[in-house]
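As structure tokens, the structure follows; a few thoughts come after it.
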Amino acid sequence: MELSLNKRSSSSNESMAKMDDEQTFKEAKEFELMVPVYLIYVTKCLADEERRLRHYLGSSSRKQLIKTVESNLIGSHVKSLLEKGFDSMMDEKRYSDLQVLYTLLNRVSEGAYRMCFFLYTYIKNRGLEVVMNPEKDKTMVQELLEFKDTIDSIIKQSFNKEDCVEVKKKAFEEFINMRPNKPAELIAKFIDSKLRSGNKEQTEEELEELLDKVMVLFRFIHGKDIFEAFYKKDLAKRLLMSKSASIDSEKSMLGKLKRECGSQFTFKLEGMFKDMAVSKDLMLSYKERESEGGVDLSVTVLTTGYWPSYPADSVIIPAQISGVLDKYKTYYLNKHSGRKLTWQHSLSFCTLKATFGDDSSSERKIDLRKELNVSVYQGLVLFLFNNSNRLSYSTIAESTAIEEEELGRVLQSLACGKTRVLKKHPPGKDINKTDNFEFNADFRHKLFKFKINQIQTKETAEENVNTTEKVFQDRQYQIDAAVVRIMKARKTMQHSLLVSELYNQLKFPVKPVDIKKRIESLIERDYVERSKEDKNVYHYVA
């Protein structure tokens, strides 16, 4: 009797479920019923069936009946539910609706798995909209951070974390590397903007939290050597120009990179901080022993291998200054025999004392005495006006030997900017070789000590390409070294096995065609040779 009743009840409810289901989807089509509304309907149906089971049917009927309802109301429409509603619910951050969807899909076979696939596709597509759009380069990192926060919040509140976290990681790693090198470069520049002294957007605690989030994006990128090159270049500017907002924050970021990538990755970066500390101690020792002849000198000695490479300059330094520099150079080389010291004036700056006006009154002169914080190139130009009030462009160029393009920027900053300590004849914003320059005795400034900003040259596309090219060149050396190292250990190896082993050892993305070119280069240089019997087999040449 009970079995017969259960059977009839199950069959009856199955028919009812199918009828309700068909009617609901018909209504959805006619009245454009949204997926969230249907999810509420399904939830209500399941609750009603559970209630009817408790009141009218035996427990033995439950499994078959609920399975039938789930199959008809959910299982048959998984694809439709996800295609019609998943992306829009994600875009609108409908946490409760997404939670209901996930809960319902978990009740049918492979429902949650298929939802994870849609989550993967959604993250990848939305991420590509940001990464692949050059117009969003300036805001890319900030947008990705906000996007990741949103995804993390949805996963935490609406889905099962264990099912979705790996999906999220895989999607982020895939889309962020679809545009090689650029995300790594922009992440380095984003960190630079946050660690600079002009950044007052966050407290140290907020900055620390932000850097932790950026490190998550950093983990996803494959070209970490691209990041290192741009990060090192920006770090050098912050340290040498005293632009760091906080040395503690700098060292904290360095620690994060070291924990993530190992000590070899941060070896040169740590060397830069070491140079700064050693130079400071060295200057204290020098000042205790030597007289500086009226010039307050501060020197930072940079180890060539640690810092970015800078072009050599051969500007003409006034005798008063060059004597002080030679004195320090002698002191340093006596202390460190066998080393070579080369001055990088393009990275240097100085403070000059200047007096403006023609008044003979001592009281008036005090008001007109100023201290100018300028670059060494700006200082070299201003020094010339100690001997003459008016100089031609050609005279300035000949007397300083500053490179033409750089000299134009220097003269613009002194005669055409907001702080015009020189007058340009004829007036204008552009510098020409026929121009003449005059000391501006009428110059006034409300501050006693102020800085004359240089004309900043924005990092051009060519400079970015040069930085990237240097990384590619380093990669070639690393591939060569890895091939020789592997072949020296194995002596003989097939091409496919050698390529596979290289992929395991190299820490940056590399194409098979690039590996083939490096192997050909090593064959030409007699490090490796092809087998005469099989062209796909290589022998190590001792």
Side-chain angles (χ1 to χ4, degrees), residues 137-138 140-141 179-199 211 214-215 217-218 221-247 249-258 260-261 264-277 279 300-313 342-349 375-377 403 405-406 409 454-478 507-508:
D137 283 356
K138 290 184 178 180
M140 179 193 292
V141 178
R179 188 181 176 190
N181 305 325
K182 197 64 179 180
E185 173 192 335
L186 294 176
I187 289 173
K189 290 181 177 179
F190 180 82
I191 295 174
D192 174 59
S193 70
K194 299 303 177 184
L195 291 176
R196 279 184 173 271
S197 55
N199 174 40
L211 294 178
V214 175
M215 284 302 299
L217 291 183
F218 172 75
I221 62 175
H222 291 161
K224 290 183 171 59
D225 50 351
I226 293 286
F227 170 89
E228 181 191 9
F230 282 96
Y231 184 83
K232 183 170 75 169
K233 185 171 67 173
D234 292 332
L235 174 62
K237 289 181 181 178
R238 294 196 300 273
L239 293 179
L240 295 176
M241 304 299 176
S242 301
K243 292 290 186 181
S244 287
S246 166
I247 293 297
S249 296
E250 294 281 6
K251 291 185 177 180
S252 174
M253 185 64 203
L254 192 61
K256 297 179 195 298
L257 292 172
K258 189 172 184 177
E260 184 66 31
C261 303
Q264 185 176 357
F265 184 86
T266 58
F267 175 73
K268 292 181 180 180
L269 303 178
E270 289 176 309
M272 293 163 72
F273 282 96
K274 183 180 178 181
D275 279 350
M276 297 298 292
S279 296
T300 304
V301 181
L302 314 181
T303 304
T304 304
Y306 295 157
W307 298 77
S309 58
Y310 300 103
D313 55 11
T342 304
W343 297 105
Q344 289 288 347
H345 299 298
S346 61
L347 304 174
S348 305
F349 54 91
S375 71
V376 161
Y377 287 171
E403 186 266 329
E405 188 175 343
E406 182 65 34
R409 288 195 291 269
Q454 302 177 63
I455 302 297
Q456 297 295 326
T457 55
K458 290 188 176 180
E459 196 170 38
T460 62
E462 183 181 354
E463 289 174 327
N464 287 342
V465 169
N466 290 339
T467 302
T468 306
E469 285 296 331
K470 289 177 184 177
V471 174
F472 288 160
Q473 191 173 30
D474 289 341
R475 287 181 178 180
Q476 290 182 359
Y477 298 146
Q478 291 182 55
K507 297 180 180 180
F508 50 83

Flag, side chain of [X] to backbone of [Y], donor-acceptor distance under 3.5 Å:
X	Y	value
Ser279	Val301	yes
Glu403	Glu406	yes
Ser246	Ser249	yes
Ser193	Phe190	yes

Practice prompt. Would you sort out whether Arg179 and Met140 count as a side chain to side chain contact (heavy atoms under 4.5 Å, CB included), showing the intermediate values?
Written response: CA-CA 12 Å; Arg179 188 181 176 190; Met140 179 193 292; 3.6 Å; yes
Worksheet item: Under the salt bridge (Lys or Arg N to Asp or Glu O under 4.0 Å) test, which residues partner Lys182, sequence neighbours left out?
Response: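 Once residues adjacent in sequence are excluded, the partners of Lys182 under the salt bridge (Lys or Arg N to Asp or Glu O under 4.0 Å) criterion are Glu185.
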Where [X] and [Y] come nearest, the two heavy atoms and their spacing:
X	Y	value
Ser309	Lys470	OG-NZ, 3.3 Å
Leu347	Met241	O-CE, 3.5 Å
Val141	Leu186	CG2-O, 3.6 Å
Asp225	Arg475	OD2-NE, 2.6 Å
Glu250	Ser244	OE2-OG, 2.7 Å
Pro308	Ala236	CD-CB, 3.8 Å

List the atom pairs, donor and acceptor, that lie under 3.5 Å between side-chain atoms in residues 265-274 and the rest of the protein, sequence neighbours left out.
{"from": "Thr266", "atom 1": "OG1", "to": "Ser263", "atom 2": "O", "distance (Å)": "3.4"}
{"from": "Glu270", "atom 1": "OE2", "to": "Lys258", "atom 2": "NZ", "distance (Å)": "3.1"}

Item to complete: List the steps, then state whether side chain to side chain contact (heavy atoms under 4.5 Å, CB included) holds for Gln344 with Leu302.
Response: CA-CA 10 Å; Gln344 289 288 347; Leu302 314 181; 5.6 Å; no
Practice prompt. Could you list the residues that satisfy ring pair (Phe, Tyr, Trp, His ring centres under 6.0 Å) with Tyr231, not counting sequence neighbours?
Written response: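 So Tyr231 forms a ring pair (Phe, Tyr, Trp, His ring centres under 6.0 Å) with Phe227.
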Fill in: Arg409/Glu405 ion pair, N-O < 4.0 Å
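Salt bridge: yes.
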Worksheet item: Below 4.0 angstrom, N of the basic side chain to O of the carboxylate: do Asp192 and Arg196 qualify?
Response: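 So Asp192 pairs with Arg196 through a salt bridge.
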Practice prompt. With rounding to the nearest 0.5 Å, note down the distance linking CH2 in Trp307 to CG in Asp275.
Written response: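 Answer rounded to 0.5 Å: 6.0 Å.
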Item to complete: Go through the steps for Lys224 and Phe218 under the test side chain to side chain contact (heavy atoms under 4.5 Å, CB included), then give the verdict.
Response: CA-CA 8 Å; Lys224 290 183 171 59; Phe218 172 75; 3.7 Å; yes
